[in-house]
Amino acid sequence: GAVVSQHPSRVICKSGTSVKIECRSLDFQATTMFWYRQFPKQSLMLMATSNEGSKATYEQGVEKDKFLINHASLTLSTLTVTSAHPEDSSFYICSAKKHTGQGDGYTFGSGTRLTVV
Amino acid sequence: GQNIDQPTEMTATEGAIVQINCTYQTSGFNGLFWYQQHAGEAPTFLSYNVLDGLEEKGRFSSFLSRSKGYSYLLLKELQMKDSASYLCAVLEDYKLSFGAGTTVTVRA
């Protein structure tokens, strides 16, 4: 099966600092990864699409300078929340797409609970 | 863009059947997914439909009508552990867009 590892699972940081979240595909190569944000009792909102070896594509309303995405290899994408503020506190989830996958080819990481104090 | 609508909450009794409807509007369609999500956890895959009709997987079935922009997820023989949020997601090009989710509460 396809396994996606996301780290850390929980992080608390001070306002103004930066936090890096890692998303790894463990047993397959992921040319494309996705980053979502989920506020309490709301659905997942796509923030950006991360493509290996090229710049990420951000959804409308998502600040690319604040949410830095790097997809340097076929198994790793990172999301860095820069100058975090309390309103950035949320559940961040990554998803990786298998190269030839449809259906269950979209696999989610376990999520990162970010709390900015 | 796409509008994905599903009911906010549903309650059912253990052993019963519940049907969660999802309607969508999209300019491009490459499939529809259903995911289960427990609070504080990532979504887990339940089903995928790309052609019209019913897909059955054990206690869970999913139906799709592309002409009507409509899908449903059917949960049979409900168990307490089925209490969760169920997310309808539409694949447009290569991107998944999610509905707000339906919280299902199973009561004894």
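Each chain gets a letter, A, B and so on, in the order the sequences are listed, and its residues count up from 1.
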So do B:F98 and A:Y36 actually touch side chain to side chain, heavy atoms under 4.5 Å?
yes
Student check: side-chain heavy atoms of B:L87 and A:S43 closer than 4.5 Å:
yes
Identify whether A:F91 and A:L79 are in the same connected component of the hydrophobic contact network (ILVMFWY, side-chain heavy atoms under 4.5 Å).
no
Does atom NZ of A:K41 have more than 12 heavy-atom neighbours from other groups under 6.0 Å away?
no
A quick test of your reading: do over 12 heavy atoms of other residues, nucleotides or ligands sit less than 6.0 Å from NE2 of A:H7?
no
What closest approach, in Å, do B:A42 and A:G109 show between heavy atoms, and which atom pair accounts for it?
CB-O, 2.6 Å
Euclidean distance, A:N51 CG relative to B:Y94 OH, rounded to 0.5 Å
6.5 Å
Residues, nucleotides or ligands: over 12 heavy atoms within 6.0 Å of B:E77 CD
no
Where on B:L96 is there a heavy atom nearer than 4.5 Å to chain A: the side chain, the backbone, both, or neither?
both
Near-ring test A:Y106/B:F33, centroid separation under 6.0 angstrom:
yes
Please report the interatomic distance CZ(B:F45) to OG1(A:T107), rounded to the nearest 0.5 Å.
9.5 Å
Is atom CE of B:M10 surrounded by more than 12 heavy atoms (other residues, nucleotides or ligands) closer than 6.0 Å?
yes
Enclosure of B:L54 CG (heavy-atom neighbours >12, cutoff 6.0 Å):
yes
Same apolar cluster: B:I4 and B:L32, side chain cutoff 4.5 Å
yes
Evaluate side-chain contact (heavy atoms from CB on, under 4.5 Å) for B:Q37 paired with A:I93, printing each intermediate quantity in order.
CA-CA 12 Å; B:Q37 185 181 28; A:I93 308 175; 4.1 Å; yes
Quick one: of A:Q38, A:R113, A:Q42, who has the most non-hydrogen atom pairs under 4.5 Å with chain B?
A:Q38
